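Treat the numbers as computed from the prediction; the structure is a model and nothing was measured. Both backbone and side-chain heavy atoms feed into the values below; hydrogens, waters and symmetry mates do not.
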Amino acid sequence: MNVKTDCGHSPKRTFLRDFNIAFGKGDANFIIAQVTDDIVWAVMGERTIEGKDSFSKAINEMKKKEVAEITIEKVVTHGKEGSVNGIMKMKDGKQYAFADFYEFKNTTSTTIKTMTSYVINV
């Protein structure tokens with residue numbers, strides 16, 4: 001796991017870094033525990049997942065795809081919003097550029113209410 005941005009003094013930035021690393025490691029339990037029951041995850045051009053049960057199924061399906069390396073380029077947060085972008089290299093040789101946008105439950109929480117993901121095969 002490579003992190004090119006400094007996440008040192010912002011708890012939300014550190015959280016989003018760790019959340020994305022959990023995706024790379026296939027840590028479904030950690031990921032699922034960080035979202036609201038009414039989570040909405042829009043994977044642009046593919047599908048929209050609504051509710052924690054559907055989210056859990058999608059995350060458990062995704063963990064079957066093994067990540068060899070994840071590089072996090074930027075982590076940005078402000079108030080109840082945040083974003084992360086980077087590159088995921090899969091064990092099968094494919095590479096994906098990603099940009100994820102998050103809305104937290106409120107300004108003090110790290111519980112995720114919505115996610116919007118853009119993923120491009122590079």
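- Annotation: ring-ring contact (aromatic ring centres under 6.0 Å, His included) contacts of Phe55 (sequence neighbours excluded): Trp41.
- Residues forming a side-chain hydrogen bond (donor to acceptor under 3.5 Å, both in side chains) with Thr111 (at least two apart in sequence, or on another chain): Ser109.
- The ring-ring contact (aromatic ring centres under 6.0 Å, His included) check on Phe98 picks up nothing, with sequence neighbours excluded.
- Applying the side-chain hydrogen bond (donor to acceptor under 3.5 Å, both in side chains) test to Thr108 and every residue at least two apart in sequence or in another chain returns Asn106.
- Remark: Asn29 pairs with no residue by the side-chain hydrogen bond (donor to acceptor under 3.5 Å, both in side chains) rule, at least two apart or across chains.
- For the atom pair CE (Met88) and CD (Gln95), the distance works out to 12.5 Å, reported to the nearest 0.5 Å.
- Note: Ile72 CD1 to Lys74 NZ = 12.5 Å, rounded to the nearest 0.5 Å.
- As a member of the Ile/Leu/Val/Met/Phe/Trp/Tyr network built from side-chain separations under 4.5 Å, Val122 groups with Ile120.
- Met62 CE to Ile31 CD1: the interatomic distance, rounded to the nearest 0.5 Å, is 7.5 Å.
- Under the side chain to side chain contact (heavy atoms under 4.5 Å, CB included) criterion, Asn121 pairs with Tyr96, sequence neighbours left out.
- Pairing each heavy atom of Val67 with each of Gly24, the nearest pair is CB-O, 3.3 Å.
- Both Val119 and Phe23 are members of a single hydrophobic cluster when ILVMFWY side chains are connected at heavy-atom separations under 4.5 Å.
- Pairing each heavy atom of Lys12 with each of Gly79, the nearest pair is NZ-O, 2.7 Å.
- Here Tyr118 sits in one hydrophobic cluster together with Met44, Phe101; the rule is ILVMFWY side chains under 4.5 Å apart, joined directly or through other members.
- In this structure, Val43 is not a member of the same hydrophobic cluster as Ile87, with clusters built from ILVMFWY side-chain heavy atoms closer than 4.5 Å.
- The minimum heavy-atom distance between Val75 and Arg13, with the atom names listed, is O-NE, 3.0 Å.
- Residue pairs satisfying the side-chain hydrogen bond (donor to acceptor under 3.5 Å, both in side chains) criterion with at least one member in residues 80-90, sequence neighbours excluded, are listed as follows: Lys80-Glu103.
- Criterion: ILVMFWY side-chain heavy atoms under 4.5 Å apart, direct or through other members. Under it, Val84 and Val40 are not part of a common hydrophobic cluster.
- Interatomic distance, Asn20 CG to Lys25 NZ, rounded to the nearest 0.5 Å: 12.5 Å.
- At least one side-chain heavy atom of Phe104 sits less than 4.5 Å from a side-chain heavy atom of Leu16.
- With sequence neighbours left out, the side-chain hydrogen bond (donor to acceptor under 3.5 Å, both in side chains) criterion links Thr77 to no other residue.
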Per-pair distances, 0.1 Å, donor-acceptor, side chain in residues 46-54, under 3.5 Å, sequence neighbours excluded:
{"from": "Lys52", "atom 1": "NZ", "to": "Ile32", "atom 2": "O", "distance (Å)": "3.4"}
{"from": "Lys52", "atom 1": "NZ", "to": "Val35", "atom 2": "O", "distance (Å)": "3.2"}
{"from": "Ser54", "atom 1": "OG", "to": "Glu50", "atom 2": "O", "distance (Å)": "3.4"}

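- Of all heavy-atom pairs spanning Ile112 and Phe15, the tightest one is CD1-CE2, 3.9 Å.
- Residues satisfying the side chain to side chain contact (heavy atoms under 4.5 Å, CB included) criterion with Lys64, sequence neighbours excluded, are absent altogether.
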